[in-house]
Amino acid sequence: MDHLFVCQHATACSALSRTPMYFSGTLDAFVKITRHEGLTSLWSGLPPTLVMAIPATIIYFTCYDQLRDFLHYGLGYHGSHIPLIAGALARLGAVTVISPLELIRTKMQSQQLSYMELGVCLRSAVSQGGWLSLWKGLGPTVLRDVPFSALYWFNYELVKRKLSETKETAESPFLVSFTAGAVSGAVAAILTLPFDVVKTQRQIELGNLELGTSRGQRSSTWGAMRRIRTESGIRGLFAGFLPRVIKVAPACAIMISSYEFGKNFFQQRNEEKQQNRLKGRSK
């Protein structure tokens, strides 16, 4: 989940936002942001992000499990392509459902709107562009997130199966899920990085348009990709490689291992309750 911040009022913005600053690397960015803004600033914009992240994760993980089991047990398909298809479809469904919340989050973070002002803004957008205006920006998000999820689940199931074959790791399912999540997340993040770079560029364009510092129109996804390649070459499409991997790999590891742990925990609890009920009936 990305954070977007636009400084609209110079007097109200922080020293870091008012002063042009350049970061030589990820660690340098951490140090300078913490020094000027404080440690808590690293979590700025968290509430709007959680508004979207929680329902998106619920839909995403639930759909993946149901689709994977349906393809495997319901339709009788077998093979390593099942996680790839289920992951892509689950992410497509989650992104489509959550897209209006993405717009709300972006508005809240870019324009610093209150909830009342946000409601007025959304009603105005719907009246001008119809209900489909709430799904603006769906294309670039789908191009980044759907391939990412397909690659992520394909590699996750593959690495998890390989790790589970050894006795040492098989005895620690949490460690297996954590390792498989980190590895698959890093691989998927690297392969889909060009789409992430394009989405970042389009967010910058959005901020410039909101501030009135740019009179041009927002470029398309492929147009932005061609422009980046022309200006910076192929390396430009993989800019921010290290920060993205540092963010995505542990996030995927924590999320999937926590999910698998919680799923196994409640599954055992349900089985214990069912056994206790059967014992009570037998008595």
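No experiment lies behind these values; they were computed from the predicted model shown.
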Out of curiosity, [X] [atom1] to [Y] [atom2], how far, rounded to the nearest 0.5 Å?
| X | Y | atom1 | atom2 | answer |
| --- | --- | --- | --- | --- |
| N270 | Q274 | CG | CD | 8.5 Å |
| L237 | R229 | CG | CZ | 8.0 Å |
| M255 | T57 | CE | OG1 | 4.0 Å |
| L84 | L158 | CG | CG | 11.5 Å |
| I256 | F178 | CD1 | CZ | 12.0 Å |
| T62 | L67 | OG1 | CG | 10.5 Å |

Looking at [X] and [Y], what are the two nearest heavy atoms and their distance?
| X | Y | result |
| --- | --- | --- |
| S149 | G87 | CB-O, 3.5 Å |
| C252 | G185 | SG-CA, 3.9 Å |
| L151 | A188 | CB-CB, 4.0 Å |
| A180 | L163 | N-CD1, 4.2 Å |

**Study point:** Ion pair K160/E260, N-O distance below 4.0 Å
**Key:**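 The answer is yes: the pair qualifies as a salt bridge.
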Exercise for review: Kindly indicate, with the supporting measurements, whether the criterion side chain to side chain contact (heavy atoms under 4.5 Å, CB included) is fulfilled by T192 and R244.
Suggested key: CA-CA 10 Å; T192 59; R244 178 158 165 80; 3.4 Å; yes
Exercise for review: Decide yes or no on side chain to side chain contact (heavy atoms under 4.5 Å, CB included) for F238 and V197, but give the supporting numbers first.
Suggested key: CA-CA 7 Å; F238 289 89; V197 172; over 6 Å; no
Review point. Sequence neighbours excluded, which residues qualify as side-chain contact (heavy atoms from CB on, under 4.5 Å) partners of S80?
Key: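 F154.
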Check your understanding: Is it the case that one hydrophobic cluster holds both L242 and L193, taking links as side-chain heavy atoms less than 4.5 Å apart, direct or via other members?
Key ->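 As far as the 4.5 Å side-chain criterion goes, L193 and L242 are connected within one cluster.
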Practice item. Check whether F241 and V248 end up in the same hydrophobic cluster, where Ile, Leu, Val, Met, Phe, Trp and Tyr are linked by side-chain heavy atoms less than 4.5 Å apart. Key: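 No, no single cluster joins them.
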Min side-chain heavy-atom separation [X]-[Y] under 4.5 Å:
| X | Y | answer |
| --- | --- | --- |
| I85 | L71 | yes |
| Y259 | S177 | no |
| Y60 | V95 | no |
| V183 | Y156 | no |

Point to revise | Pairs satisfying ring pair (Phe, Tyr, Trp, His ring centres under 6.0 Å), at least one member in residues 64-100, at least two apart | key: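 Those involving residues 64-100 are Y64-W153, H72-H78.
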Point to revise | Side-chain (S184) to main-chain (G181) donor-acceptor, under 3.5 angstrom | key: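 Yes, because the side chain of S184 sits within donor-acceptor range (under 3.5 Å) of the backbone of G181.
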Check your understanding: Side chain of S257, backbone of I254: donor and acceptor closer than 3.5 Å?
Key ->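 It does hold such a pair.
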Check your understanding: With sequence neighbours left out, which residue pairs that include part of residues 66-80 fulfil the salt bridge (charged side-chain N to carboxylate O under 4.0 Å, His left out) condition?
Key ->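 Found D65-R68, R68-E157.
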